[in-house]
2 protein chains.
Amino acid sequence: MTDTDASNRLPVWCAGKDWCPITATASLLGKKWHPVIVHRLLEGGPMGFNELKADVGGISSKVLSDSLEDLEDKQLVNREIVSEKPVRVNYSLTEHGESLESLIFEMRDWGMEHLDAAEEQEEAIA
Amino acid sequence: MTDTDASNRLPVWCAGKDWCPITATASLLGKKWHPVIVHRLLEGGPMGFNELKADVGGISSKVLSDSLEDLEDKQLVNREIVSEKPVRVNYSLTEHGESLESLIFEMRDWGMEHLDAAEEQEEAIA
DNA sequence: CAGAATCCCAGTGGATACTG
DNA sequence: CAGTATCCACTGGGATTCTG
């Protein structure tokens with residue numbers, strides 16, 4: 001098997017479907033808070049747990065914790081224990097995470113441009 | 001800054017959070033099949049239900065139906081009944097839908113560039 | 001401060017079978 | 001051909017409480 005082919009870099013279940021990376025990316029960015037967390041870290045720089053929580057606003061500890069764990073697993077966020085007593089942790093973006101910047105901003109821009117229509121329509125139904 | 005800017009076009013629940021459109025967009029793109037459907041329509045042009053189903057691959061009728069309905073509600077996809085007997089429907093992208101093009105392709109590109117590492121890691125865990 | 005532990009609900013997604 | 005109709009399993013997200 002040749003390693004020079006790009007197709008072998010995709011997960012097996014992709015099986016020649018060129019849209020596969022889209023679902024994969026969507027499952028990342030589709031989580032309610034994931035893109036927001038990355039965005040906050042992009043804008044505000046590295047910060048601690050509660051700081052991040054307040055900065056996001058409206059997220060519970062559990063969900064933030066879960067999200068961060070997931071983002072860490074996916075190597076988008078870096079978790080660094082700064083001090084043990086009292087516990088202080090610092091969250092920052094990895095290079096992977098920072099590479100999402102343009103995508104996230106494009107998501108924001110698209111949402112700003114196109115989503116009020118959808119909102120209006122939902123109101124009309126309700 | 002002027003008040004005639006984008007901020008007043010955002011949903012109420014955004015309440016000055018500039019990341020709000022991100023969540024909104026994420027909830028769109030986060031549905032498992034939505035971005036894929038849009039992508040297929042971008043690449044393959046307008047098509048019928050079963051054609052689309054085969055083109056996507058691995059999606060059930062119900063899920064495709066649900067997804068299309070949702071995409072229609074959000075005015076991303078156009079549903080046009082071509083003939084009554086036998087029933088023939090044509091799905092195409094609205095301008096709204098087409099405006100997702102760059103975003104979707106960027107998602108694909110990002111996924112292709114950055115997701116194999118995550119996959120490797122998941123394998124390592126499993 | 002930074003979370004872990006529980007509990008719980010709604011929403012998605014999937015399998016299968018049926019229909020106009 | 002283009003869907004509905006069920007039923008079900010899973011999980012993401014939220015509220016609340018507890019802890020080192």
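Every chain is numbered from 1 and lettered A, B, ... according to where its sequence line falls, protein lines coming before strand lines.
- As judged by a 4.0 angstrom heavy-atom cut-off over every strand, B:V87 is placed among the base-contacting residues.
- OP1 or OP2 of D:dG3 sits under 4.0 Å from a side-chain N or O of B:Y91.
- The CD1 atom of B:I59 sits 13 Å away from the P atom of D:dG3 (whole-angstrom rounding).
- Note: CG (A:L64) to P (C:dA4) measures 11 Å, nearest angstrom.
- In this structure, the CG atom of A:L28 is 16 Å from the C1' atom of D:dT11, given to the nearest Å.
- When the side-chain nitrogen and oxygen atoms of B:S65 are compared with OP1 and OP2 of D:dT4, one or more of them lie within a distance under 4.0 Å.
- Distance from the side chain of A:R79 is smallest for C:dA2 among the nucleotides C:dA2, D:dG12, D:dA2.
- Distance, A:D66 CG to C:dC8 C1': 15 Å, rounded to whole Å.
- Taking only side-chain nitrogens and oxygens, A:W33 comes nearer than 4.0 Å to OP1 or OP2 of D:dG14.
- Contacts of B:S61 with the nucleic acid, taken as non-hydrogen atoms under 4.0 Å apart, include base atoms.
- Salt bridge B:D55/A:K17: absent, no basic N to carboxylate O contact under 4.0 Å.
- When the C1' atom of D:dG14 is taken as reference, atom NZ of A:K53 falls 12 Å away, rounded to whole Å.
- Between the NZ atom of B:K32 and the C1' atom of C:dG11 there is a distance of 15 Å, given to the nearest Å.
- Judged by distance alone, the side chain of A:T94 and the main-chain N or O of A:N78 form no donor-acceptor pair under 3.5 Å.
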Taking Watson-Crick and G-U wobble contacts under 3.5 angstrom, with | marking pairs to another strand and [ ] crossing pairs, the secondary structure of DNA chain C is written ||||||||||||||||||||
Practice prompt. Could you walk me through whether B:S61 and B:K53 pass the side chain to side chain donor-acceptor pair (under 3.5 Å) test, one step at a time?
Written response: CA-CA 7 Å; B:S61 296; B:K53 185 180 169 188; 3.0 Å; yes
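- The aromatic rings of A:W33 and B:W19 lie perpendicular to each other, with more than 60° between the two planes, well past the 30° mark.
- Between A:L29 atom CG and D:dG12 atom C1' the separation is 16 Å, expressed in whole Å.
- Distances shown here put every side-chain N or O of A:K62 at or beyond 4.0 Å from the OP1 or OP2 atom of D:dG12.
- Annotation for A:E43: atom CD counts as buried by contact number, over 12 foreign heavy atoms lying within 6.0 Å.
- When distances are taken from the side chain of B:R88 to each of C:dT16, C:dG13, D:dA2, the shortest belongs to D:dA2.
- Of the possible donor and acceptor atoms, one in the side chain of B:H96 sits under 3.5 Å from a partner among the backbone N and O of A:H114.
- For B:K31 and B:S67, the side-chain atoms include no donor-acceptor pair closer than 3.5 Å.
- For A:I37 and C:dG3, the CD1 to P distance is 12 Å, given to the nearest whole Å.
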